Structure formats: C-alpha cells, structure tokens
Amino acid sequence: MQSWPRTEEEALAVQDTLRSRVVLTPGPMSPATVAGLDVAYDGDRLAAAVVVLDAADLSVRDTAVVRGRPAFPYVPGLFAFREVPALLEALDRLTVRPDVLVCDGQGLAHPRRFGLAAHLGVLTDMPSYGVGKTRLVGEYEPVGEERGARSPLIDSGETVGAVLRTRAGVKPVFVSVGHRIDLDTACALTLRLTPRYRLPETTRAADHACRLAVATIRM
DNA sequence: GCGACAG
DNA sequence: ATCTTGTCGC
C-alpha cells in the first residue's frame, strides 16, 4: 500500500498532511450498522478486532480479527501509527459494511486535532469518532452525575469533544468527532450503545474479540 | 527543570 | 496496553 513512518518526525509530517482531509459534516443520523474497533497486546504481538453490530438491537452482524505486530512505538499523540495498519486490515476483511466506526481513543481531542478516530476516518473515508476512557488533551467542568449529562472538552479555547456520562455515578467517557460526523450525533449514538455499561457495546464486543485472539497467540 | 501524556 | 487479590454489589 504505502510506506509507514519510522520516526516521530515522519509521523508528525504524515499527520500534518492527512489532517487537512478531515471532513466535518452532520450525521449519519440513523446508521443501520455500527462498528467497534480495539486492539489487545501480548508482548510484541497484537490482535486487532472489528465487530459490526446492528444499530437497532445491538446484535453482532460481523466480526473480523487479524494478528500482527505494532507498527510504531507508543508515543502520546502518535498512538494511531501503532494500531492503524492492523485495524485497516481487519476492516478489509469485513463482509458487512459498517455505517460508522466507533474507535477506542480520541478523534479531534488531540494536540494536533488528528487522533486515531480521525486518522482511520480519513484513510477509509467512513464516518468515524472516538470514545476514550481517559483524557489526552483539554479541560472541562464537572459533569452531571446522571446518565446523559455532558460537559464540553475544551483545548486552547476550542471545543474538541465532550465528556459524557454514560452511566449514573460512573466515570464519564471522552467523545470526540473523527470524520464525517458531528459531536451531537456521536454523543447520541454513544448513549444508544451504552444501555447498561460505561463503554459502548461496540467497544466491549471488539475488546472481547481481540482478547480471545491474543490469547490464542500464546498457545 | 517539573509534570502531563489516547492505548 | 499490561502487571495483579481481594472485595463490594446486583
């Protein structure tokens, strides 16, 4: 396909080029299918999984898992370069075409506004956004304790995402747009995907899938 | 120089 | 991400 950056300097240059291709548009308002993506590690080996759920009842429609090696060391801000190759390969193996990608990490809530969700969105040109478990950048006011409460995530004066409470009394998640979707739609979809747990069912399904696969690597 | 820092 | 016991609660 193409060369992959081998140094932080090269990776920064790639982000600088690709970020101009991010498209900020509303919707998709009623996606029929939603995909969750996640990666699990075992030493220098990894397993990437993509699970497509039916947006109506959250049932599994398709699953794809690939094993491989991290494509880059973990560096805050350059995290995407580590998992993107394996995730793209898994996406290629899907039979069911997802309408939205729900990524494990940040979208525009990134120091250069180009986190994993934006990166994957641009490379696939599919609607994409991120749901992170912890913060990378930005400040925010305390979020209401009830499910659905949200507080804008602001970095350098601009709103880069939302801190969203998906379960009453449980630590909120960090939602940010990636590509071809808006923040309100992303938050609304996230709430539909969290009928019971803190993290979206998409993320949970992908997490289970790649963990099973990574366990298989060692046996 | 001292923290902060997606997964 | 991953390393890790017991423990509180539905």
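Keep in mind that what you see is a predicted model, and the values were worked out from it rather than measured. Sequence lines set the chain letters: A, B, ... in the order given, protein chains first and strands last, and positions in each chain run from 1.
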- Item | Under 3.5 Å donor-acceptor, A/Arg180 side chain and A/Gly121 backbone | no

Rounded to the nearest 0.5 Å, the CG atom of A/Leu87 sits from the CG atom of A/Asp92 at a distance of 11.5 Å

Rounded to whole Å, the CZ-P distance (A/Arg82 to C/dT2) equals 10 Å

Q. Using 30° and 60° as the class limits, which term best fits the ring planes of A/Phe114 and A/His119: parallel, tilted or perpendicular?
A. tilted

Separation of C/dG9 atom P from A/Tyr197 atom OH, nearest Å, is 18 Å

Report task. Verify the cluster assignment for A/Phe79 and A/Val160: are they in a single hydrophobic cluster under the rule of side-chain heavy atoms below 4.5 Å apart? Result -> no

Rounded to whole Å, CG of A/Asp44 lies from P of C/dT2 at a distance of 14 Å

Could you walk me through whether A/Met126 and A/Leu120 pass the side-chain contact (heavy atoms from CB on, under 4.5 Å) check? CA-CA 8 Å; A/Met126 299 177 79; A/Leu120 277 174; over 6 Å; no

- prompt: Which is true for A/Gly77 with a 4.0 Å heavy-atom rule: it touches a base, it touches only sugar-phosphate, or it touches nothing?
  reply: base

- Query: Would a distance-only check, ignoring hydrogens and angles, find a side-chain to backbone donor-acceptor pair under 3.5 Å from A/Arg19 to A/Arg113?
  - Reply: no

field: Common cluster, A/Val122/A/Trp4, ILVMFWY with side-chain heavy-atom separation under 4.5 Å
entry: yes

* Asked: Taking A/Asp38 for the side chain and A/Thr203 for the main chain, is one N or O donor matched with an acceptor at less than 3.5 Å?
  -> no

Practice item. For A/Leu37, report the nucleic acid contact type (base, sugar-phosphate, nothing); a contact means any heavy atom under 4.0 Å. Key: nothing

Chain A reaches DNA chain B, atoms under 4.0 Å from its heavy atoms, from B/dA4 to B/dG7

Between A/Ala162 and A/Cys187 the two heavy atoms that sit nearest each other are CB-SG, 3.9 Å

| said: Does A/Phe79 reach a base, just sugar-phosphate, or nothing at all? Heavy atoms under 4.0 Å. | reply: base

A/Thr166 and A/Thr194 have their tightest heavy-atom pair at CB-OG1, 3.6 Å

Between OH of A/Tyr74 and P of C/dT2 the distance, given in whole Å, is 13 Å

Given Watson-Crick and G-U pairs under 3.5 Å, DNA chain C in dot-bracket ([ ] crossing, | other strand) is ..........

Does either side chain, that of A/Tyr41 or that of A/Glu83, offer a donor lying less than 3.5 Å from an acceptor on the other one? yes

Residues in residues 132-139 of chain A with a heavy atom under 4.0 Å of DNA chain B, by number, are A/Gly132, A/Lys133, A/Thr134, A/Arg135, A/Leu136

From CZ of A/Arg196 across to P of C/dG9 the rounded distance in Å is 17 Å

